[in-house]
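Each remark here refers to the structure printed beneath this line.
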There are 2 protein chains.
Amino acid sequence: MADAAPRRIPDATVARLPVYLRSLVEMAEANTSTVSSERLADLAGVNAAQVRKDLSYLGSYGTRGVGYDVEFLLFQIRRELGLTQDWPVAIVGIGNLGHALANYRGFSTRGFHIVALFDADPAKVGEKLAGLTVRPLTDLPLVAASDGIAMGIIATPAASAQEVADVLVEAGVTSILNFAPAVLTVPASVSMRKVDLSIELQILSFYQQRRSGEVAGSVAAVDDEMSA
Amino acid sequence: MADAAPRRIPDATVARLPVYLRSLVEMAEANTSTVSSERLADLAGVNAAQVRKDLSYLGSYGTRGVGYDVEFLLFQIRRELGLTQDWPVAIVGIGNLGHALANYRGFSTRGFHIVALFDADPAKVGEKLAGLTVRPLTDLPLVAASDGIAMGIIATPAASAQEVADVLVEAGVTSILNFAPAVLTVPASVSMRKVDLSIELQILSFYQQRRSGEVAGSVAAVDDEMSA
DNA sequence: GTTTGTGAACCACTTCACAGCC
DNA sequence: GGCTGTGAAGTGGTTCACAAAC
């Protein structure tokens, strides 16, 4: 037996790997061959010890006294994140946001290919967009199977989101990114992440109000704790 | 008096308050007058003890043996989050995403009013959208001052994001929501949150790959944590 | 000298469990 | 009996600080 360490990568580390990846891509494009944890931390906006600890979960890929080889690390992170393959992605809900997501360049440049668009509204079906034709939601099971869709993006109104999630799960999609402002329930075997645009503004509102409401006299130190 | 209490609300709690708020709005619309921590936890997708602890940071607003009054709690959370006032918001970068955000109904229904759109590209300036006309980025300082803009949304490409952030900060905007895939630096007195669409997919990719590669036997539950 | 890799200390958040109040 | 509010215990994540490796 030799399959090495039983490395369990913390969720928090997983969430930062894409950020390191982005910085490393930039460095590679600038033909930088080596990077220290200090420099990478700087680019990623985190602490250097954090970078070292995070990377140590992947393996001992650095060289003491030198740093990390950019290309090598790039490959290792890509491999760890499962980005050495392309993922076919479906978007459900072709409203404002669905349109923007379908046209978003950032997905394809990072290995995520939008291969199908769905909407339950017959008025939207047939529309051509980003090189694809919007299909009826009822086609999803068939298309998911034939195109091997593993990831789905929900961009519908809140009211239909759970229903769509159910359809996705039923069709075998095991990763879901939810933009609808609703709490969705999926089996534990399915990963789900959510992005709620108005919640982000509401959180900002809290800190904004706290700042504005602060009377000059009281409490000197305004140490603001917001991560970046 | 009786207000007092040096309550410091944890960031994690602040991030959940909007979720509770959403559930409470739904309950109010359904004319439910009281809610238990158990029920609210269910709707918000969290643990009941979590709900109670979170709400306890706002004050003792529940009644033992009964639960929380929906309308009262609704008001308290709104007040805490600073949502009893409307916030004027500016969007910078009117591409795909900027368009979608400008038209997004979810903002206005929650007290965030998009009052100005900016783009550095002269070709975009003058375009009419969501009842507004896209203005040159150079107008931002003036408009920010006259319209009292406190919140800015960055929806530009990564390359111009830092520059835009600087302009926003210089114009006195103290809350920024960044959609550009870049790490931005702002003074500690400014709150910034980021939403990176492709990072979300990359995180999903990690768990997806882990699952696919997994030989039947172990289980891995995935939950999301706080974004930053 | 430089920089990694990592135990240990620290800190924040979550969950438990139960006393206190209705 | 039911449900909140909260100390205390538990968990996960971050930062420190330094020995090991170059």
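Order of the sequence lines sets the chain letters (A, B, ...), proteins ahead of strands, with each chain counted from 1. Only this structure's heavy atoms are used, side chains among them; waters, hydrogens and symmetry mates stay out.
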Using a cut-off of under 3.5 Å, enumerate the N/O to N/O pairs linking the protein to nucleotides 16-18 of chain D.
{"from": "D:dA17", "atom 1": "N6", "to": "A:Arg52", "atom 2": "NH2", "distance (Å)": "3.3"}

First of A:Leu55 and A:Gly65 reached from the 5' end of DNA chain C, by closest nucleotide: A:Gly65

4.5 Å side-chain heavy-atom contact, A:Val190 and B:Tyr207: no

Nearest-angstrom distance from the residue atom CD of A:Glu38 to P of C:dT2: 12 Å

Set of residues satisfying ring pair (Phe, Tyr, Trp, His ring centres under 6.0 Å) with respect to A:Phe72, sequence neighbours excluded: A:Tyr61

Ring pair (Phe, Tyr, Trp, His ring centres under 6.0 Å) partners for A:Tyr104, two or more places apart: A:Phe107

Presence of donor-acceptor pair under 3.5 Å, side chain of B:Arg64 and base of D:dT4: yes

Ring pair (Phe, Tyr, Trp, His ring centres under 6.0 Å) partners of B:Phe75, counting only residues at least two apart: none

Nucleic acid contacts - residues 66-83 of chain A versus DNA chain C, non-hydrogen atoms under 4.0 Å: A:Val66, A:Gly67, A:Tyr68

Validation row: A:Arg78, A:Leu21 side chains within 4.5 angstrom (heavy atoms): yes

Atom-pair distance (OH on A:Tyr61; C1' on C:dT6), nearest Å: 17 Å

Nearest-nucleotide pick for B:Ser37, side chain only, options being C:dT14, D:dT4, D:dG5: D:dT4

Interatomic distance, B:Asp54 CG vs C:dA12 C1' [rounded to whole Å]: 13 Å

Whole angstrom value for the distance that separates P of D:dT14 from CG of A:Asp11: 11 Å

For A:Leu204 against B:Ser191, the heavy-atom pair lying closest together: CD2-CB, 3.8 Å

Main-chain N/O of A:Val19 paired to A:Ser23 side chain as donor or acceptor, under 3.5 Å: yes

Heavy-atom check, side chain of B:Glu80 versus side chain of B:Tyr57, under 4.5 Å: no

Nearest-nucleotide pick for A:Gln50, side chain only, options being C:dC13, D:dT15, C:dG5: D:dT15

Sugar-phosphate only, base, or nothing, as touched by A:Tyr57 at under 4.0 Å among non-hydrogen atoms: nothing

Residue closer to the 5' end of DNA chain C, A:Gly62 versus B:Arg16 (nearest nucleotide): A:Gly62

Could you go through residues 148-165 of chain B and list every donor-acceptor pair under 3.5 Å that involves a side-chain atom there, pairing it with any protein atom two or more places apart or in another chain?
{"from": "B:Gln162", "atom 1": "OE1", "to": "B:Thr185", "atom 2": "N", "distance (Å)": "2.8"}
{"from": "B:Gln162", "atom 1": "NE2", "to": "B:Asp166", "atom 2": "OD1", "distance (Å)": "2.9"}
{"from": "B:Gln162", "atom 1": "NE2", "to": "B:Thr185", "atom 2": "O", "distance (Å)": "3.0"}

Nearest-nucleotide 5' precedence on DNA chain D, A:Thr13 against B:Ser60: B:Ser60

